[in-house]
Undergrad: 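Could you have a look at this structure, given as structure tokens, before my questions?
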Amino acid sequence: MLRKSLLTAIAALVISACTTSPTGRSQFIFMPDNQVDQMGLQAFSSMKSKNPLSQNPRYNQFAQCVTYSLTREVGGQWEVVVFEDESLNAFALPGNKIGVHSGLINLVDNQDQLAAVIGHEIGHVLSRHSNERLSQETAVSTGLSMVQAVTQPQTALGQTALGLLGVGAEYGVILPYSRIHETEADTIGLDLMARAGFEPRQSINLWLKMDKAAQGGQPIEFMSTHPSHASRIDNLNQRMNQALQLRQQALNMGKQPRCAK
Ligand SMILES: [Zn+2]
């Protein structure tokens with residue numbers, strides 16, 4: 001009897017394991033989304049309690065304004081928090097939580113460049129990349145204990161879990177996203193910023209600026225967890241005409257974000 005229910009459970013897992021990402025790519029995903037979301041919420045709340053938050057009202061309003069303009073396009077409840085940290089970093093966690101470092105806000109020239117970063121991060125969440133990484137790199141049994149482990153970042157399993165969620169850098173575990181995930185997040189982010197009425201060409205300027213800052217020796221976690229590829233700008237350029245059309249449609253619909261730093 002036990003065996004039969006186990007088989008049923010495994011069959012259900014296998015059936016639910018094959019899904020499709022927003023760009024139409026096949027994914028192998030077996031972790032229940034609500035548990036992965038729970039991990040994201042847990043990690044985010046512990047980060048908020050352990051790290052200083054920015055007290056700069058302009059930076060907070062700027063990040064809120066850009067995030068609101070973007071997430072309005074995809075729906076759902078999202079939270080963005082600005083951390084007081086000079087490294088150039090941003091991240092998003094399952095459960096619709098976004099973190100931006102004050103150093104990154106300091107770096108960007110305008111709302112469109114911030115929208116490029118946050119749009120990219122939202123792209124990781126919408127594509128369920130955390131779940132995909134957890135599913136690829138853990139067995140079903142380990143996967144479920146990962147949910148618990150996220151509350152214990154000092155343990156090896158806890159650190160792996162946080163690394164797979166995409167926030168391991170905070171704990172010294174850097175697990176770079178794969179090129180496939182990066183390109184997918186770029187594609188979704190570009191599309192999203194354009195649909196929200198931001199200027200998509202600024203995404204190129206943002207990555208060039210990041211590269212330049214990295215060469216100048218500024219601490220850039222984002223570059224270590226998000227490997228820089230020469231192909232990134234090529235990919236964005238290939239999609240730029242389509243993005244510019246989406247932006248024009250957005251402007252025609254009166255979508256014109258005005259977020260000031
Ligand atoms: Zn990324």
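Since we're looking at a predicted model, the values are computed, not measured. The analysis underlying the following values was restricted to heavy atoms, covering all of them including side chains, and did not include hydrogens, waters or symmetry mates. Just follow the structure's listing: the first ligand is 1, and inside any ligand the first atom is 1.
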Undergrad: Donor-acceptor pair, Gln27 side chain versus Ser127 backbone, under 3.5 Å?
TA: yes
Undergrad: Can Asn56 and Ser54 be counted as having a side-chain donor-acceptor contact under 3.5 angstrom?
TA: no
Undergrad: Just checking, any donor-acceptor pair under 3.5 angstrom between side chains of Thr23 and Glu184?
TA: yes
Undergrad: Among the N/O/S atoms of His124, select the one at the shortest distance from the Zn ion (ligand 1) and name it.
TA: NE2
Undergrad: Near Arg72 CZ, under 6.0 Å, is it more than 12 heavy atoms from other residues, nucleotides or ligands?
TA: yes
Undergrad: How is the N/O/S atom of Glu182 that comes nearest to the Zn ion (ligand 1) named?
TA: OE2
Undergrad: Name of the His120 N, O or S atom nearest the Zn ion (ligand 1)?
TA: NE2
